[in-house]
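For clarity, every value in this text was computed on a predicted model and none was experimentally measured. In what follows, chains carry the letters A, B, and so on, assigned in the order in which the sequence lines appear, proteins first and then strands, with residues in each chain numbered from 1.
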Amino acid sequence: MSELEALLLGIVQGLTEFLPISSSGHLILVPWLQDYTFLEDHEKFNKTFDVALHAGTLVAAISYFRREVITYLGAFFRSVRARTIETVDERIAWAIAVGTVPAVIAGGLGSSFIEDHLGEPWMIGIQLILFGALLGWADRLPESRGVDRLTLRDGLYVGLAQVLALAPGTSRSGITITAARYLGFDRDSAARLSFLLLIPAVFGATVYSAYKAIGDGLPSGVAGPIIVGTIASAVSGYIAIAWLLRLFRTHSYRPIVIYRYFAGAFVLLLIATGIRSATFG
Amino acid sequence: MQKRPQLILPAIALGILFLAIAIVYWVDSASSLPSFFPGHESGSSHHHVKHGIAAAVVALGCFVFAWFQSGGPTASRERPGT
């Protein structure tokens, strides 16, 4: 893999992790469109590279939300010490913690099934359209509350929705924003909650995958692409968060929904016309 | 937050059970797991580490729940502006 290819995939990961259009789906679709099979053929490198890209987006989210992360971590530990949840910050911290649990359980139990059966381009095409339509529908519902009125039950519901994002093509940020909008949160709060939920989930997955990747050993000569990909994903991820939060304060999610329709239809059209295969790898 | 002290013992018992399940997943290979465990696979030497992590998270949740039910101040700690 060249540094340029790593740069492209890093930018794709950074942008699509936060844009509700599915990062895992695009990381499969971009090489699929180019008929680029290096990552499919080099499984060990693929896994390490995937960890590196996710570490980049994690750095982006922690950097952007550094004040919130410090505030909520402090509130979380204060609450544990006091054995009660009373302040707004404590409720938000616990809602994020509770919202992370369903994905950890489902990911732990279903990871083999997901790796073996999900993530084919035809599935990604359908899910881009299906969950795009769901986001469009939820976004038409009224905005009745902000993140300061988040409860543990809300955190659990959004966390349960996050489980669906284990299938590539759904979009983690897309389905959590959809769930939050369905629960009545305004667009800005829905996006904030979605991006904050990413931090513990991706932190856990990155630590686990990095531990496994180090244990398995790295192929030689991969340091350059991994460093380039990680930096590209961190920088593009930071820009994506800042841009999206500004955009969603004044605009609906409609452009995202339209993009998902076009991207999904494009993928299915390529498959239907035989230009690309329905499966990859 | 409403306290339910009668749930402390069941929560701890459930937490210990899930912790034991997590340890079984980490220690035993897929073929050695009891047949009713998700992930049991005859002849497989694979260790279901992620299944163990999922069980450990549930155990932690049970212990945290028991911890919160077991005490806490009676007066509100709500601060203005938080």
(message) I need the minimum non-hydrogen distance between A/R83 and B/K3, along with the two atoms involved.
(response) O-NZ, 2.5 Å
(request) Could you tell me which residues in residues 33-57 of chain B have at least one non-hydrogen atom under 4.5 Å from a non-hydrogen atom of chain A, sorted by residue number? (result) B/V49, B/K50, B/H51, B/I53, B/A54, B/V57
(request) Please say whether more than 12 non-hydrogen atoms of neighbouring residues, nucleotides or ligands are located less than 6.0 Å from CZ in A/R67. (result) no
(message) Looking at A/R153, I want to see if its CZ is surrounded by more than 12 non-hydrogen atoms of other residues, nucleotides or ligands under 6.0 Å.
(response) no
(request) Give, as side chain, backbone, both or neither, the part of A/V80 having an atom under 4.5 angstrom from any heavy atom of chain B. (result) both
(message) Is it the case that atom CZ in A/F203 sees more than 12 heavy atoms from other parts of the structure closer than 6.0 Å?
(response) no
(message) Non-hydrogen contacts under 4.5 angstrom with chain A: give the residues of residues 7-22 of chain B involved, or none if there are none.
(response) none
(message) Could you check whether atom CZ of B/F63 has more than 12 heavy atoms from other residues, nucleotides or ligands sitting under 6.0 Å from it?
(response) yes
